Number of protein chains: 2
Amino acid sequence: MRPQKALDKEVINGLTEVFCSKGYEGASLQDLAAASGLKKASLYHRFPDGKKEMADAVFLHLHDFIQQNVFDVLQDDNLKPEVRLQIALDNIAVLYDGGKRTCILRALSMEAGIDLFGKQIQDGMKQWIERFERIGVELNLSTEVANDYALQTLIDIQGSLVLTRGIGNTNIFDRTLKNISKRYLE
Amino acid sequence: MRPQKALDKEVINGLTEVFCSKGYEGASLQDLAAASGLKKASLYHRFPDGKKEMADAVFLHLHDFIQQNVFDVLQDDNLKPEVRLQIALDNIAVLYDGGKRTCILRALSMEAGIDLFGKQIQDGMKQWIERFERIGVELNLSTEVANDYALQTLIDIQGSLVLTRGIGNTNIFDRTLKNISKRYLE
DNA sequence: GTTTTATTACCGACCGTTCGATAAATTACT
DNA sequence: AGTAATTTATCGAACGGTCGGTAATAAAAC
């Protein structure tokens, strides 16, 4: 290897940053190479199926993070539901970098992305709803109300991310996370 | 003119459809030409500054619609505030085609769009908030609560549009509009 | 010395954009 | 009114540049 070669973590994090901020079509191979610390052709060595495989890897990488730091936390039997919810929300704040990073589900739901990732996006969103439904039930909400709350939670997260990016102020995202917490715990 | 030449309405509606569904970078001149009924070169006759000018025209066109059918309605002194709000929400449903069409503010807030349209997106969102703040005050909310409601209204609209597109079911959008109405009127 | 990884050079396709020619609509002149 | 002159609108073809993707080669690692 020439200078100091790309750690896998640097590669995946670079790809993630580009896909999240520019979407699928907006992310050029040049961008992806620059952000990952590899040359274009080297990326093709690691991801022989090209751009789509890179985006898949990012999707999977984020899904793993969410699985561990949100979904699993939400059903960790060692903790009280109220605590689980709070930790999960804190981790969501990390996931979206306090509102500065866009959700990959949204980033890929524009333009060409919806054709390539439609099913994965749909499944991903359904999982979010499902997990928040469960924590709602565990917090003694009726299944109906738990469903309402779960949907609203997703809407709040996605909507506040849109507003935060559009207006350029992370206060909206912060406040929204607190509101979600309040809705469940008060 | 040769066959039956492109009505301006067909042109702007076609461009709108493409930019909203594909974003700025995702919208190719080929797409835009096909959707507008004009050839690429003809588009450049109408929009000498190219793609950016086309997107500007779409932005302006939608802003006009919103101004007339949402903002102006919300402060139409001939109607009671409750009625104005309801009509505005109905028109919002039309604007977003019942949840099937993405908001241009969101479509352009990804990727390259945010560099080109950042200021316009920010101003557009602020106007939405401002107008909903006012109707809240007219409905006898305190300025603080009116601000909360306005922000939440925007979050609800944007968030439900994201979910609706991701999950592929317009129920979420419909329900959200009803919830907004309820929040103000109950 | 073979295999794995990285890099340079390159490919055809498509990108946004422009040019030049032509047809249609409008204006000017009689 | 009729016709010539001018402007406006449309389009095919092509531009340079970048796109995603690929060989061929060099370097590292084993």
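The sequence lines fix the lettering, A, B, ..., with proteins before strands; numbering per chain opens at 1. Quantities reported herein were computed from a predicted structural model and do not represent experimental measurements.
- Applying the salt bridge (Lys or Arg N to Asp or Glu O under 4.0 Å) test to B:R84 and every residue at least two apart in sequence or in another chain returns B:E138.
- Taking the six-membered ring where tryptophan is involved, the planes of A:F19 and A:Y24 are essentially parallel, since the angle between them stays under 30° and well short of 60°.
- By the side chain to side chain donor-acceptor pair (under 3.5 Å) test, A:Y44 pairs with no residue at all, sequence neighbours left out.
- Between A:S42 and C:dT7 there is a side-chain N or O to OP1 or OP2 distance below 4.0 Å.
- Contact check, B:H45 against D:dA9: a side-chain N or O comes under 4.0 Å of OP1 or OP2.
- For the salt bridge (Lys or Arg N to Asp or Glu O under 4.0 Å) test, residues two or more places apart in sequence or in another chain that qualify with A:E17 are A:R101.
- The phosphate of D:dT8 (OP1 or OP2) has no side-chain N or O of B:R46 nearer than 4.0 angstrom.
- Partners of B:D56 under the side chain to side chain donor-acceptor pair (under 3.5 Å) rule, at least two apart in sequence or in another chain, are B:K52.
- B:D8 has its CG atom 13 Å from the C1' atom of D:dT8, to the nearest Å.
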Are any protein N/O atoms closer than 3.5 Å to N/O atoms in nucleotides 15-18 of chain C? If there are, list each pair with its distance.
unit_1	atom_1	unit_2	atom_2	d
C:dC15	OP2	B:Q30	OE1	3.4
C:dG16	OP1	B:A27	O	3.1
C:dG16	OP1	B:K51	NZ	2.8
C:dG16	OP2	B:L29	N	2.5
C:dT17	OP2	B:Y44	OH	2.2
C:dT17	OP2	B:K51	N	2.9
C:dT17	O5'	B:Y44	OH	2.7
C:dT17	O4	B:K40	NZ	3.2

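- A:F47 has its CZ atom 13 Å from the P atom of C:dT5, to the nearest Å.
- Under the side chain to side chain donor-acceptor pair (under 3.5 Å) criterion, B:D148 pairs with A:R175, not counting sequence neighbours.
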